[in-house]
Amino acid sequence: MTSRKRGDDAEISRLFHETGDEEIQGSDSETEDNLLEDEVQSDAEDYEVSDPPVVNPLDIQDVSEKDSETPERASPSFSRILKYYSKDVSKVDDAHKCCNASEVNKRTVSPSTILKREQKWLRMLNNWEAFMSKNYKKVRERCRKGIPASVRPKAWLYLCGGQLLLEKHPNEYEELLQAPGDPKCMEDIRKDLHRQFPYHEMFIREEGLGQQELFSVLKAYSVLNPKVGYFQAQAPVAAFLLMHMPAVQAFWCLVSISDKYLSGYYNPGLEVLQRDGDILHALLRRTAPAVHRHLVKHKVEPVLYATEWFLCALTRTLPWDSLLRVWDCFLCEGVKVLFKAALVILAGALGPAKVRKRACGLCETLEVLRHPPEGILGEDYLMYHMTRLNLTEEDFEFEHQRQTARRRAMPNRSGS
Amino acid sequence: MTSGPYNYSYIFKYIIIGDMGVGKSCLLHQFTDKKFMADCPHTIGVEFGTRIIEVAGQKIKLQIWDTAGQERFRAVTRSYYRGAAGALMVYDITRRSTYNHLSSWLTDTRNLTNPSTVIFLIGNKSDLDGQRDVTYEEAKQFADENGLMFVEASAKTGQNVEEAFLETAKKIYQSIQDGRLDLNAAESGVQHKPASPGRPLAAPPAARDNCAC
């Protein structure tokens, strides 16, 4: 099994083009071939017909104002957002107004735009290899705009490499289900089946198809990767995938997410999770120093608020529409998308000085982070501010190296 | 809220620990909301609940940390133990394995809290007496041997839930009165708050800080 997985690594690693944001600023045409050239211009039209997005102007003064990276170049839509952003600031004066009118916070996309996007996505999915190898930036740009609902399941399957794994191991899922499975794992999975999105129609019925499929997917994973077995945080991820695709596809997506995207998160010891918590904390220091100071002052460790965000890839945190959009990017760009979302939530929730003043303790702060104002979890607010974070690939890499080294230097910290 | 009187005199920190699926979150919900949540999502990391109770005429805010039960989480849940004044250790009376693991939970608790931490053992799901896998006597003996308070309770019916949380608070309060629990200790799990004007306090406001938590 190990050797097989190693083979997959090479293929999947290609799916993780860790292109730095600054690369976006370079000319698109350099890497494009003729097949893809028409895609460049047509994308700009997408937003000509769409309504201006209303962005919740919550006070997040800590999120970098510099914004030297001009993310709008990454996607033409953002210049439009910026334009309307300033216009709408005067309309909504605080977070609560936006919370009460979540509809206000939602950008509408016209049916004709959706149709155009669907066609583009279908064309892209039909030439997937070419796009991923030669024009990844285009794929990323389209993911950032949001994948049309009709093609989303297929797009996710392709983006995360689930399709590759499925093609390579066409019968493996069924075979894994035949295995008896570790009794402890099976017992643990069964205990959690009725606790995943219990009000979703798919999972509402005890022993219903949804719960059966959830069991199968989690069981198959535990047999495939006995080192991880079953970890409780996988259940919401698997359930969320099952809401979009057949069990066998959901399974291979779960494999990819567990082993590649969130590699190490589910391993005993939760070392990687703790390290990533430290990375998040360090990045927060750059993007929102006042919030960072507040967390340090009240001893609010990342493991206290970010555990669920990371382990469940935000599936239990974000409202539906935002979750879909974040996952569109997450499956395209990897785990750093979760970091960005987390940074935006932190800055949005604790950015206003009056909120920090009120949350003058560990528990009060955690309470704010547990229930951030709805406005900041809204699709447009979140997506917009995630792109505006002034963080480069090198920043992530730098903190990654630094925190990894730091943890290595203090072995006693592990498991404590 | 930033300064001045509070509507409670003390804050006690509790943690709820025990194997997965024993009903830790349900006990918390039953205590804070007086409701049984059948489909309570399993805890990832830690959840919180608070409720203000009264012991010997003193208003006490209970700040309850509800932890994830799966073994793997113990790598991170250990940091939650810090500064707990009370620990509710829960097992499921219908699943012996959850009872068998108590000694390891107890070891963690003893190692990661301070000697004055009150540990209360709860045998949950007492409404499922027909499926009982652990007798009351057996658990009672375990509790006595280890100096734990003990009760069988049901998060579903609410039976004895209130008692478990309140008895723990009484015991902690008693420790404060006896001087066994040092309010000034950094991690006693108890904070003393200035009382509201109408309710003067006997004890001086030790461990006072400008934080409502």
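Quick note on labels: first sequence line is chain A, next is B, and so on, each numbered from 1. Just the heavy atoms: all of them, side chains too, but no hydrogens, waters or symmetry mates, feed the values below.
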Inspect the contact between B:Glu71 and A:Lys184 and indicate whether a charged nitrogen and a carboxylate oxygen are less than 4.0 angstrom apart.
-> no
Which residues in residues 17-29 of chain B have a heavy atom less than 4.5 Å from any heavy atom of chain A?
-> B:Met20, B:Gly21
Under 3.5 Å, is there a donor-acceptor pair between the side chain of B:Arg72 and the main chain of A:Leu270?
-> no
Name the region of A:Ala359, side chain, backbone, both or neither, that has any atom closer than 4.5 Å to a heavy atom of chain B.
-> neither
Region of A:Tyr230 in contact with chain B, defined by heavy-atom distances below 4.5 Å | both
Side chains of B:Arg95 and A:Glu187 in contact at under 4.5 Å (non-hydrogen atoms) = yes
Bottom line for B:Tyr80: the part with an atom under 4.5 Å from chain A's heavy atoms is side chain
So, the part of A:Glu206 with a heavy atom under 4.5 Å from chain B: the answer is neither
Euclidean distance, B:Gln63 CD relative to A:Glu367 CD, rounded to 0.5 Å | 10.0 Å
Options A:Arg316, A:His194, A:Lys191, ranked by heavy-atom pairs under 4.5 Å with chain B, top entry | A:Arg316
Any residues in residues 36-53 of chain B near chain A, with a heavy-atom distance under 4.5 Å, and which are they?
-> B:Ala38, B:Asp39, B:Cys40, B:Pro41, B:His42, B:Thr43, B:Ile44, B:Gly45, B:Val46, B:Glu47, B:Phe48
If you count heavy-atom pairs under 4.5 Å between each of A:Asn267, A:Leu304, A:Leu311 and chain B, which one has the most?
-> A:Leu304
Would you say A:Arg205 has more than 12 foreign heavy atoms packed within less than 6.0 Å of its CZ?
-> no
Determine the minimum heavy-atom distance between A:Gly269 and B:Ala75, stating which atoms define it.
-> O-CB, 3.2 Å
